[in-house]
Amino acid sequence: MPMQQHLNYCKPPSRALAKYAASLYARLHECQWVKREVIELDGWQPLQHQCHANTMILETYGHGFSAVHGWLYLDYDGKADFVRFVAHSVVMNQQGQLIDVTPLAVETAQFPFITCGLSNHDYEATLDALIKKYGATNCLDHRTKV
């Protein structure tokens, strides 16, 4: 899913999601830079803008990959009074390394990744709430300045 690059604050759709965004912000020390890797299995290749589906398909293939759901972290170089978390999924290989398998339409800046820390059900509910409110999953914001 393409990322919105504007600096308009998106208020979390509920108090619970505002608290969740704050908890992600408190866990920034856990962010990782995830390497990109091209993976093809049995003629199948991951599709652009389909990170969640790509990771679930790879997990299903049974080659030792497991889907890891989380968020890309955008801080806008401190130019905004908030930070943004963009829903994203990667895979973990058998060695415990995170790999981003979703191809980019064009080369863009890379962003740090933080795991969601939620059950799959709660992560999906979070995405559903963002889609209902904003029509996208790239807008879980947290105010950093009052």
Undergrad: According to a 4.5 Å side-chain heavy-atom criterion applied to Ile, Leu, Val, Met, Phe, Trp and Tyr, with indirect links allowed, do Met92 and Leu58 form part of one hydrophobic cluster?
TA: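 No; Leu58 is not reachable from Met92 via cluster members.
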Undergrad: Using the rule given for side-chain contact (heavy atoms from CB on, under 4.5 Å), can you reason through Leu127 versus His52, listing the C-alpha separation, both sets of side-chain angles and the distance that settles it, and then say yes or no?
TA: CA-CA 11 Å; Leu127 301 185; His52 306 304; 4.0 Å; yes
Undergrad: Aromatic ring centroids of Trp71 and Phe111 under 6.0 Å?
TA: no
Undergrad: Does the Asp141 side chain pair with the main chain of Cys10, one donor and one acceptor, at a distance under 3.5 Å?
TA: yes
Undergrad: Would you say the rings of Phe113 and Tyr73 are close, in the sense that their centroids are separated by under 6.0 Å?
TA: no
Undergrad: What pairs of residues pass the salt bridge (Lys or Arg N to Asp or Glu O under 4.0 Å) test when at least one of them lies in residues 22-32, not counting sequence neighbours?
TA: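 The answer is Arg27-Glu30.
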Undergrad: According to salt bridge (Lys or Arg N to Asp or Glu O under 4.0 Å), does anything in residues 88-101 pair up with another residue at least two apart or in another chain? List the pairs.
TA: Arg36-Asp100
Undergrad: Main chain of Val34, side chain of Gln110: is a donor-acceptor contact present, judged purely on distance under 3.5 Å?
TA: yes
Undergrad: Work out which heavy atom in His63 is nearest to a heavy atom in Leu41; give both atom names and the distance.
TA: CD2-CD1, 3.6 Å
Undergrad: When rounded to the nearest 0.5 angstrom, what distance separates NZ in Lys11 from CG in Leu140?
TA: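 So the NZ of Lys11 and the CG of Leu140 are separated by 13.5 Å.
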Undergrad: Run the side-chain contact (heavy atoms from CB on, under 4.5 Å) test on Leu74 and Val83 for me, step by step, so that the C-alpha distance in whole Å, both residues' side-chain angles and the decisive distance to 0.1 Å come before the verdict.
TA: CA-CA 6 Å; Leu74 287 73; Val83 297; over 6 Å; no
Undergrad: Under the rule for ring-ring contact (aromatic ring centres under 6.0 Å, His included), what residues qualify as partners of Tyr25, not counting sequence neighbours?
TA: His142
Undergrad: Heavy-atom distance under 4.5 Å between the side chains of Ile99 and Asn93, does that happen here?
TA: yes
Undergrad: Between Ile39 and Tyr61, is there shared hydrophobic-cluster membership here, with clusters defined by ILVMFWY side-chain heavy atoms closer than 4.5 Å?
TA: yes
Undergrad: Using a 3.5 Å distance criterion without hydrogens, assess whether the side chain of Tyr20 forms a donor-acceptor pair with backbone atoms of Cys116.
TA: yes
Undergrad: Pair Val90, His88 - check side-chain contact (heavy atoms from CB on, under 4.5 Å), show working.
TA: CA-CA 7 Å; Val90 299; His88 192 61; 3.8 Å; yes
Undergrad: How far apart are the C-alpha atoms of Val91 and Glu59, what are their side-chain angles, what is the distance that settles it, and do they pass the side-chain contact (heavy atoms from CB on, under 4.5 Å) test?
TA: CA-CA 8 Å; Val91 293; Glu59 182 175 86; over 6 Å; no
Undergrad: Tell me, with the steps shown, if Gln50 and Asn54 meet side chain to side chain donor-acceptor pair (under 3.5 Å).
TA: CA-CA 6 Å; Gln50 299 296 319; Asn54 292 337; over 6 Å; no
Undergrad: What's the spacing between Glu124 CD and Thr137 OG1 if we round to 0.5 Å?
TA: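 So the CD of Glu124 and the OG1 of Thr137 are separated by 9.5 Å.
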Undergrad: If hydrophobic clusters are built from ILVMFWY residues whose side chains come within less than 4.5 Å, do Leu104 and Val101 share one?
TA: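 Looking at the clustering, Val101 is in a separate group from Leu104.
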Undergrad: Any side-chain heavy-atom pair from Leu72 and Pro112 closer than 4.5 angstrom?
TA: no
Undergrad: Please report the shortest heavy-atom distance between Leu118 and Thr126, naming the atom on each side.
TA: CD1-OG1, 3.8 Å
Undergrad: Donor-acceptor pair, distance only, cut-off 3.5 Å: does the side chain of Ser89 make one with the backbone of Cys51?
TA: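 Not a single qualifying donor-acceptor pair exists.
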Undergrad: So, taking the atom named CG in Leu17 and the one named CZ in Phe85, what distance separates them when rounded to the nearest 0.5 Å?
TA: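 Interatomic distance, Leu17 CG to Phe85 CZ, rounded to 0.5 Å: 12.5 Å.
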Undergrad: Would Arg84 and Tyr76 count as a cation-pi pair here, with the cationic atom under 6.0 angstrom from the ring centre and within 45° of the axis?
TA: no
Undergrad: Okay, side chain of Asp77, backbone of Lys79: is any donor-acceptor separation there less than 3.5 Å?
TA: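 The answer is no, because no donor-acceptor pair under 3.5 Å joins these two groups.
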Undergrad: To the nearest 0.5 Å, tell me how far Phe65 CZ sits from Ile57 CD1.
TA: 13.5 Å
